[in-house]
Engineer: 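Let me give you the structure first, and then I'll get to my questions.
In this text, all values refer to a predicted model and were calculated from it rather than measured experimentally. First listed ligand is number 1; within each ligand, the first listed atom is number 1.
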Amino acid sequence: MQNKLKELQTTALASISQTDSIKSLEELRIKYLGKKGELTAALSGLGNLSSTERPLIGKIGNEVKSAITAALDKRLAALENAELQKKLSADVIDITLPGRRIPAGRTHILTTVENEVRRIFSELGYTIAEGPEIEDDFHNFEALNMPENHPARDMQDSFYLDDGRLLRTHTSPVQVRVLEKGVLPVKVIVPGRVYRCDADVTHSPVFHQVEGLVVGEDVTFGDLKGTLEFFIKKMFGAERRVRFRNSFFPFTEPSAEVDVECFVCGGEGCPLCKSTGWIEILGSGSVDPAVFEAVRIDPEKYTGFAFGLGIERIAMLKYGVKDIRLFYASDLRFLRQF
Ligand code: PHE
C-alpha cells in the first residue's frame with residue numbers, strides 16, 4: 001500500500017507539472033483528491049490493516065495528499081500568473097508615440113478690437129445696450145431727424161425687406177430705443193452689426209459699429225471731447241495726436257468727426273492719409289434736440305452726446321489691413337497673424 005501511495009504521488013506530481021491549463025489542472029485535482037478520486041481509492045483498504053500499520057499508512061496518505069495539494073496550488077498560481085502576463089502584454093499601449101497636436105482656435109481680430117473698445121468704455125462706467133438688426137423706418141431714420149426724402153438717407157444705401165423694414169444701416173437706432181425707455185441718465189455703448197449696400201476694398205455689405213450715447217443734465221460737448229480723447233489715446237497710444245473736425249450728421253448738433261495722426265506716416269503725409277497727415281476715425285456730436293423731441297424727452301432739461309465708430313476701420317488702420325474682405329474670408333493664413 002505504501003508503494004502504491006508513493007507511486008500515486010509520483011504520477012500525480014508528474015502530470016500536474018505537465019499541465020498547462022487551469023481547467024485541466026482542476027480535472028487533476030478531482031482525479032487525485034476528489035471524493036471518488038485515486039487517493040481515496042488507494043486508501044480504501046485502510047480499515048483492514050493492523051493497528052500498527054494503520055497509523056503509518058494513514059500518515060503517508062496525509063503526506064501524499066498535502067504534497068499533491070501543494071503541487072496543485074503552486075501550478076495554479078504559476079498558470080494564473082502566466083495568463084495575467086499574457087493579457088497584459090496583449091493590452092500594451094505604446095506611450096512613446098508622440099501626441100497629435102489639436103490646433104487651438106483663437107479670437108477673431110474683429111472680436112479682439114471690439115472687446116478692446118468695450119473694455120475701455122466699461123472702465124469709464126458705460127454699460128452695454130443692444131437693439132435689433134432688422135429695424136423700422138422710424139428708429140433707423142425718422143426719429144434720428146432724417147424724415148422721408150431727406151438726402152442723408154442716400155448716404156446709407158439700405159437693404160429693404162418686403163414689409164418696408166430694413167437691415168439697420170447704423171447702430172444709431174439703438175440711441176432711439178434706449179431713450180424711448182425714458183430712464184435717465186443714460187451712459188451706454190452699443191456694439192453691433194450694421195448693413196449697407198456697398199462693397200469694395202474698404203466697404204463691406206455687413207460691418208460692425210460701436211455706438212456711444214450719454215444723456216443727462218449738464219452733459220456738454222466738453223464731456224464728449226474728453227471722453228473720445230481718452231478712448232483714442234487708450235486705443236492707439238498716448239502719444240498720438242487727436243483732432244476734432246467740424247462735420248454734419250442729422251441727429252447731432254454740433255457734429256464733429258475725430259481724426260488721429262496717420263498710422264503710416266505719423267503726420268508727414270502719405271497715400272493712406274491722402275497726404276493730410278490725418279485719419280478719420282469716428283463721427284460724433286451733441287444729441288440734436290429733434291431726437292429728444294421724437295422720444296418725448298425735454299431738450300430744455302436734458303443734453304447729451306453720441307458717437308459712432310467702425311470696428312473694421314479701426315482694425316484696418318491699427319493692423320495695416322488693406323482689404324476689408326479679408327476679415328470675412330476665413331483664410332487661416334490671414335487670421336493666424338493676429
Ligand atoms: N451713425 C453714424 C454713421 O453711421 C455715426 C454717428 C453716430 C455720428 C453717432 C454721430 C453720432 O455714420
Engineer: Backbone N or O of Ile281 within a donor-acceptor pair of the Asp259 side chain at under 3.5 Å?
Structural biologist: no
Engineer: Show which atoms of ligand 1 fall inside a sub-4.0 Å distance from at least one heavy-atom site of Gly308.
Structural biologist: 6 (C), 7 (C), 9 (C)
Engineer: Please list all pairs meeting side-chain hydrogen bond (donor to acceptor under 3.5 Å, both in side chains) that have one or both residues in residues 306-327, counting only residues at least two apart or in different chains.
Structural biologist: His208-Glu312, Glu312-Tyr328, Asp323-Arg325
Engineer: Below a 4.0 angstrom heavy-atom separation, can you tell me which part of Ser284, side chain or backbone, both or neither, approaches ligand 1?
Structural biologist: backbone
Engineer: Within the structure, does Gln175 bring an N/O atom to less than 3.5 angstrom of an N/O atom in ligand 1?
Structural biologist: no
Engineer: Considering Arg196, Glu211, Glu257, which one's heavy-atom position lies nearest to atom 3 (C) of ligand 1?
Structural biologist: Arg196
Engineer: Is it the side chain (CB and beyond), the backbone, both or neither of Arg168 that lies under 4.0 Å from ligand 1, heavy atoms counted?
Structural biologist: neither
Engineer: Polar contacts were defined as any N/O atom of the residue lying under 3.5 Å from an N/O atom of the ligand; does this apply to Ser172 and ligand 1?
Structural biologist: yes
Engineer: Any nitrogen or oxygen of Gln209, side chain or backbone, less than 3.5 Å from one on ligand 1?
Structural biologist: yes
Engineer: Where on Phe307 is there a heavy atom closer than 4.0 Å to ligand 1, on the side chain, on the backbone, on both, or on neither?
Structural biologist: backbone
Engineer: For residues Phe251 and Phe141, establish whether the separation of their ring centroids is below 6.0 Å.
Structural biologist: no
Engineer: Just how far is it from atom NE2 of His139 to atom OG of Ser172, taken to the nearest 0.5 Å?
Structural biologist: 13.0 Å
Engineer: Mind checking whether Phe263 and Phe236 have ring centres under 6.0 Å apart?
Structural biologist: yes
Engineer: Per the side-chain hydrogen bond (donor to acceptor under 3.5 Å, both in side chains) rule, what does the pair list look like for residues 52-67, sequence neighbours excluded?
Structural biologist: Ser50-Thr52
